[in-house]
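First the structure, in the form of structure tokens, and then the observations on it.
Lettering follows sequence order; numbering is per chain, from 1. Keep in mind that what you see is a predicted model, and the values were worked out from it rather than measured.
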Number of protein chains: 2
Amino acid sequence: MNSTTHRLGDLQLRILQSLWARPNASVADVHSELKPERNLAYTTVATMLRKMEARGLVTHHEEGRTFFYRANVAAEEVNRSVGNHLVERLFEGSLSSAVHHLLSTREVSNAELDQLEILIKEARQRTK
Amino acid sequence: MNSTTHRLGDLQLRILQSLWARPNASVADVHSELKPERNLAYTTVATMLRKMEARGLVTHHEEGRTFFYRANVAAEEVNRSVGNHLVERLFEGSLSSAVHHLLSTREVSNAELDQLEILIKEARQRTK
DNA sequence: TGACAAAAACGACCTAGGTAGTATTACTTC
DNA sequence: GAAGTAATACTACCTAGGTCGTTTTTGTCA
């Protein structure tokens with residue numbers, strides 16, 4: 001894949017998320033999906049999709065005169081890449097200090113804490 | 001503070017980190033600190049510091065003809081802001097899915113897992 | 001005091017994201 | 001077949017990070 005999956009703009013990320021949820025979407029599809037949160041012009045979405053295709057982030061195929069886009073990078077890949085990049089540049093690679101900051105400044109429900117403990121147990125199993 | 005503490009460039013973040021570790025540093029100080037990892041021109045650092053001051057990220061005071069800079073935003077603040085922003089935009093605010101991704105794709109030592117469990121216990125105490 | 005060096009100021013340029021208007025093309029429908 | 005509509009294509013512009021080169025100022029020291 002592209003080595004620069006981290007460093008995606010906000011709009012690019014939202015478009016990718018839209019495509020992950022609804023693969024093979026036309027410009028109109030993406031545009032109307034994003035309409036409520038960002039009141040963008042149709043051409044803004046179209047232009048961004050074209051730019052993203054040039055960067056290899058999405059691909060398209062044509063049906064009649066309409067382009068249908070799909071993501072060319074996996075959600076897992078992007079999330080991992082962006083997440084790791086953040087931990088690296090902010091916390092020198094220390095996952096625990098990253099989580100520490102998150103935990104100490106966010107409201108975290110008990111259910112989420114339960115979930116986290118399960119994840120830790122699973123991680124222990126894996127490294128055993 | 002500034003509402004845009006998230007969205008800092010890599011260089012800006014590194015400069016801030018340098019200033020957090022060594023407050024009241026001259027351009028030469030920051031430049032030589034960053035020298036090993038990034039072979040930047042002196043003026044690059046100076047220019048970036050000036051731009052950062054214009055954005056309110058750092059301040060300076062003069063001693064003789066030399067500027068001494070210090071960070072105008074706290075490390076805690078920036079880390080929290082950047083971290084939260086990431087969790088929001090990548091995982092819709094779910095801390096556990098963020099941590100899940102991190103845990104599932106990184107090598108995490110047992111010591112770090114221990115540390116995480118302690119953090120969770122502390123968080124539970126706090127919300128009780 | 002005159003040369004040198006160090007420091008800041010300024011301006012220039014490139015890249016990339018983001019946003020959108022205008023032009024062109026082509027399909028549909030009366 | 002002409003008008004209207006819905007697509008894409010193209011171009012332009014703004015902002016911000018990042019990177020330096022050149023110029024100006026000023027202090028130091030032989």
Checklist entry - Is a side-chain N or O of A:Gln115 found less than 3.5 angstrom from the main chain of B:Ser96, in a donor-acceptor match? => result no

Checklist outcome for this item: Applying salt bridge (Lys or Arg N to Asp or Glu O under 4.0 Å) to B:Glu117 and not counting sequence neighbours gives A:Arg124

Checklist outcome for this item: Residues in residues 37-53 of chain B with a heavy atom under 4.0 Å of DNA chain C, by number, are B:Tyr42, B:Thr43, B:Thr47, B:Arg50

Next on the checklist: Run the side-chain hydrogen bond (donor to acceptor under 3.5 Å, both in side chains) test against B:Lys51 and tell me which residues pass, sequence neighbours left out.
Outcome noted: none

List every contact pair, protein side and nucleotides 24-30 of chain C side both N or O, where the distance is under 3.5 Å.
none

Item to check | Side chain B:Trp20, main chain B:Ile15, donor-acceptor under 3.5 Å | outcome: no

Checklist entry - CE/A:Met52 to OG1/A:Thr59 distance, rounded to the nearest 0.5 angstrom? => result 11.0 Å

Checklist entry - Separation of A:Arg7 atom CZ from C:dG17 atom C1', in whole Å? => result 12 Å

Item to check | Test side-chain hydrogen bond (donor to acceptor under 3.5 Å, both in side chains) applied to B:Ser97 - qualifying residues, sequence neighbours left out | outcome: B:Ser94

Next on the checklist: Just verifying a value: how many Å separate A:Arg80 CZ and B:Ser104 OG, rounded to the nearest 0.5 Å?
Outcome noted: 9.5 Å

Checklist entry - Between C:dG17 atom C1' and A:Leu34 atom CG, what is the distance in whole Å? => result 15 Å

Checklist entry - Taking only residues two or more places apart in sequence, or in another chain, which ones meet A:Glu53 in a side-chain hydrogen bond (donor to acceptor under 3.5 Å, both in side chains)? => result A:His60

Checklist entry - Excluding sequence neighbours, so at least two apart, what forms salt bridge (Lys or Arg N to Asp or Glu O under 4.0 Å) with B:Arg38? => result none

Checklist outcome for this item: Across all chains, not counting sequence neighbours, the ring pair (Phe, Tyr, Trp, His ring centres under 6.0 Å) partners of B:His31 are B:Tyr42

Item to check | Residues from residues 13-31 of chain A lying under 4.0 Å of DNA chain C - heavy atoms | outcome: none

Checklist outcome for this item: Contacts satisfying ring pair (Phe, Tyr, Trp, His ring centres under 6.0 Å) that involve residues 71-98 of chain A (not counting sequence neighbours) are A:His6-A:His85, A:Phe91-A:His101

Checklist outcome for this item: Students should find that the nucleotides of DNA chain D closing off the region near chain A, any atom under 4.0 angstrom from a heavy atom, are D:dA7 to D:dC10

Item to check | Of all pairs that satisfy salt bridge (Lys or Arg N to Asp or Glu O under 4.0 Å), the ones with a partner from residues 7-23 of chain B, not counting sequence neighbours | outcome: A:Arg7-B:Asp10, A:Asp10-B:Arg7, A:Arg89-B:Asp10, B:Arg14-B:Glu37, B:Arg22-B:Asp29

Checklist outcome for this item: On a heavy-atom basis, the closest approach of A:Leu103 and B:Arg126 is O-NH1, 3.6 Å

